[in-house]
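A short worksheet on the structure shown next.
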Amino acid sequence: MEGGTDGPHLKHLQTKESTLHMELITLPALQRMAVCGGTHGNEMSGIFLVPELERQRKEKGDSIWPIPLTTVLSNPQAIKECKRYVDKDLNRCFTNAILSSPITDSTPYEVRRAQELNSLLGAKQTDDAIDMICDLHNTTANMGLTVICYSHTNWICLHVFKHLQAKITTVPVRLLLLNVPACDAYSLESMSKYGISLEVGPQPQGVIRADIFNAMKEGVNAVLDWVKNFNSGEVIEGGDVEAFMIEKSVDYPRDPETKTPIAAVHPQLQDQDFCLLKRGDPLFLTFSGATVRYEEEEPLHPVFINEASYYEKGIAFHLTKKQTWTIPSIQAKKV
């Protein structure tokens, strides 16, 4: 995932911590939800979990879920070909500009599919938009179960994360926030009013691992459990939430003429997602044997380390800053 931070809003949130902690906010009950897999056609856990959810519904009926649940395989052509995308990364096709662009003979397949999904799930940023999308992803990086959402003031998403972190003990559960304006939010879950992505790894592309599948399944079940609790009208208590905000992206060291990488992620950094990098820590090991070290004065946390799909984007990892905030208690409005 790629995104930026919104400094002024963060400052506002931090100065209101004590107020929010005492406040009870009422929000509409959730009416519709979608679980989407296969947005990237080689991320296999969601591709297998969506049919499993459909099997459960066929066996036990719609009442198995607390609200009407739409299940979607987002990128069927890429799934068929078992590759990330056909023409263009589908998970970068949900900005307002792309969703409203005219369709022509040369329009990429994923742009067409994004507009189809926008019609299916209710148009983005309208009253008809679906309440919640849970989009399922795998990463080759050692990210555990990472909840990704766009807004640091989207209380429902932050409470969902808080619930998952409390309930799931099989893998680490962390929150990655992308503070991007709604119109520029580019990924599938941004079509909904309260969108989250569940990013689970490590898992190689085109491979299904039972432990990673089960972690994702546990995550989806916990999301549905939270929706049931919220819609029941119970007060969902607020509290502290720890999140990681993307500060910048780091590319591999490259040959100045050919632009090809001349180093790999250092063995001491590999698989250490969310660790704290300090000045002098090793980042890369060049193919000639030299160590490239972290030179920033500010300690930061790397995520998506050596993610396979980021090679084409020129990203070895993102650097994030850890923040702890207080979120308010919330309750569903009584109908």
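All of these numbers come straight from a predicted model, not from anything done at the bench.
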### Task
Over all heavy atoms of both residues, which pair between C36 and I133 is shortest? Give the atoms and the distance, please.
SG-CG2, 4.1 Å
### Task
May I ask you to decide if T260's main-chain N or O and R254's side chain share a donor-acceptor pair within less than 3.5 Å?
no
### Query
Rounded to the nearest 0.5 Å, how far apart are CH2 of W155 and NZ of K162?
13.0 Å
#### Entry: By side-chain hydrogen bond (donor to acceptor under 3.5 Å, both in side chains) - contacts of T126 (at least two apart)
none
### Task
Report the residues that fulfil salt bridge (Lys or Arg N to Asp or Glu O under 4.0 Å) with K321, sequence neighbours left out, ordered by chain and then residue number.
E298
## Note on the structure
Tested for side-chain hydrogen bond (donor to acceptor under 3.5 Å, both in side chains) against T39, the lone hit among N75, N91, D135 is D135
#### Entry: Closest approach of T286 to A263 (non-hydrogen atoms, all atoms of both residues)
CA-CB, 3.5 Å
### Message
Between N306 and Y252, is the side-chain contact (heavy atoms from CB on, under 4.5 Å) condition met? List the steps.
### Response
CA-CA 9 Å; N306 206 14; Y252 295 90; 2.7 Å; yes
### Heavy-atom pair of closest approach, residues I98 and C93
CG2-O, 3.2 Å
### Query
Side chain of Q331, backbone of G233: donor and acceptor closer than 3.5 Å?
yes
### Task
Please name all residues satisfying salt bridge (Lys or Arg N to Asp or Glu O under 4.0 Å) with D87, sequence neighbours left out, ordered by chain then number.
none
### Task
Applying side-chain hydrogen bond (donor to acceptor under 3.5 Å, both in side chains), name anything that partners K167, two or more places apart in sequence or on another chain.
none
### Message
Under the rule for ring pair (Phe, Tyr, Trp, His ring centres under 6.0 Å), what residues qualify as partners of H159, not counting sequence neighbours?
### Response
none
### Task
Spell out, as yes or no, whether a donor-acceptor pair under 3.5 Å connects the side chain of E189 to the backbone of C149.
no
### Query
Roughly how far apart are W325 CH2 and L158 CG, rounded to 0.5 Å?
8.0 Å
### Query
Any side-chain donor paired with an acceptor under 3.5 Å for Y150 and D184?
no
### Query
Atom NZ in K228, atom CH2 in W65: separation rounded to 0.5 Å?
12.0 Å
### Task
Using only heavy-atom distances, determine whether the side chains of N138 and S45 contain a donor-acceptor pair under 3.5 Å.
yes
### Query
Where the side chain of D128 meets the backbone of A123, is there a donor-acceptor pair that is under 3.5 Å apart?
no
### Contact check, side chains of H137 and I148, non-hydrogen atoms, under 4.5 Å
no
### Query
So do E296 and K248 actually touch side chain to side chain, heavy atoms under 4.5 Å?
yes
### Message
Among residues at least two apart in sequence or on other chains, which ones pass side-chain hydrogen bond (donor to acceptor under 3.5 Å, both in side chains) with R113?
### Response
E116
### Query
Taking the side chain as C-beta and beyond, is there a heavy-atom pair between P261 and D251 under 4.5 Å?
no
### Summary
The residue among F244, F274, Y294 that forms ring pair (Phe, Tyr, Trp, His ring centres under 6.0 Å) with H301 is F244
### Query
Does D62 have any side chain to side chain contact (heavy atoms under 4.5 Å, CB included) partners at least two apart in sequence or in another chain, and if so, which?
R57
### Query
Can the ring centroids of Y109 and Y85 be said to lie less than 6.0 angstrom from one another?
no
### Test item: T139 side-chain N/O and A141 main-chain N/O as donor-acceptor pair under 3.5 Å
yes
Quick one: side chains of residues 48-55, donor-acceptor pairs under 3.5 Å with protein atoms, not counting sequence neighbours, listed by atom name and distance.
residue, atom, partner, partner atom, Å
E52, OE1, R55, NE, 2.9
E52, OE2, R55, NH2, 2.8
E52, OE2, Q56, NE2, 3.0
E54, OE2, T71, OG1, 2.9
R55, NH1, E59, OE1, 2.8

### Query
Would you say I327 and V173 are hydrophobically clustered, going by side-chain heavy atoms of ILVMFWY under 4.5 Å?
yes
### Message
My understanding is that only residues two or more places apart in sequence, or in another chain, count here; which of them pass salt bridge (Lys or Arg N to Asp or Glu O under 4.0 Å) with R293?
### Response
none
### Task
Check for a donor-acceptor pair, side chain of K193 on one end and backbone N or O of D127 on the other, with a separation under 3.5 Å.
yes
### Query
L319, L176: one ILVMFWY side-chain cluster at the under-4.5 Å cut-off?
no
### Flag side-chain contact, heavy atom, 4.5 Å: N154 against I196
no
### From C134 atom SG to M33 atom CE, the distance as rounded to the nearest 0.5 Å
5.0 Å
## Note on the structure
In short, P76 meets L73 closest at the heavy-atom pair CD-O, 3.7 Å
### Task
Kindly work out whether a path of hydrophobic side-chain contacts (I/L/V/M/F/W/Y, heavy atoms less than 4.5 Å apart) joins V241 to I236.
yes
### Summary
When rounded to the nearest 0.5 Å, the distance separating CD of E199 from OG1 of T146 is 7.0 Å
### Query
Hey, what do you get for CD1 (I79) to CE (M44), rounding to the nearest 0.5 Å?
8.0 Å
### Task
Only counting residues at least two apart or in another chain, list the ones meeting side-chain hydrogen bond (donor to acceptor under 3.5 Å, both in side chains) with T169.
none
### Message
Quick one, F94 and L117 - any side-chain contact, counting heavy atoms below 4.5 Å?
### Response
yes
### Message
Using only atom types and a distance under 3.5 Å, with no angle test, would you say the side chain of K322 pairs donor to acceptor with the backbone of L276?
### Response
no
### Task
Using a 4.5 Å cut-off on heavy atoms from C-beta on, say whether the side chain of D89 contacts that of E110.
no
### Query
If you group Ile, Leu, Val, Met, Phe, Trp and Tyr by side-chain heavy-atom gaps below 4.5 Å, do V227 and L27 land in one group?
yes
Check residues 216-225 and write down every donor-acceptor pair under 3.5 Å in which the side-chain atom is one partner and the other belongs to a residue at least two apart or another chain.
residue, atom, partner, partner atom, Å
E218, OE1, T170, OG1, 3.0
N221, ND2, K217, O, 3.4
D225, OD2, H163, NE2, 2.9

#### Entry: Any side-chain heavy-atom pair of V147 and L198 under 4.5 Å
yes
### Mutual orientation of the aromatic rings belonging to F317 and F284 [parallel < 30°, tilted 30-60°, perpendicular > 60°]
parallel
### Query
Would you say E312 has more than 12 foreign heavy atoms packed within less than 6.0 Å of its CD?
yes
#### Entry: Test item: T70 and L121 side chains (from C-beta on) under 4.5 Å apart, heavy atoms
yes
### Message
Closer than 3.5 angstrom, by distance alone: can the side chain of D131 be matched with the main-chain N or O of R32 as a donor-acceptor pair?
### Response
yes
### Message
Are L90 and I47 linked, directly or through intermediate hydrophobic residues, by side-chain heavy-atom contacts shorter than 4.5 Å (ILVMFWY only)?
### Response
no
### Summary
With sequence neighbours left out, the residues meeting salt bridge (Lys or Arg N to Asp or Glu O under 4.0 Å) with K88 are none
## Note on the structure
For V200 and A215, the nearest pair of non-hydrogen atoms, with its separation, is CG1-CB, 4.0 Å
### Message
For the backbone of L30 and the side chain of N231, can you confirm whether one donor and one acceptor N or O come within less than 3.5 Å of each other?
### Response
yes
### Task
Locate the shortest heavy-atom distance separating S329 from G238; write the atom from each residue and the value.
OG-N, 2.9 Å
### Task
Could you tell me whether a side-chain N or O of E307 sits under 3.5 Å from a main-chain N or O of T140, the two making a donor and an acceptor?
yes
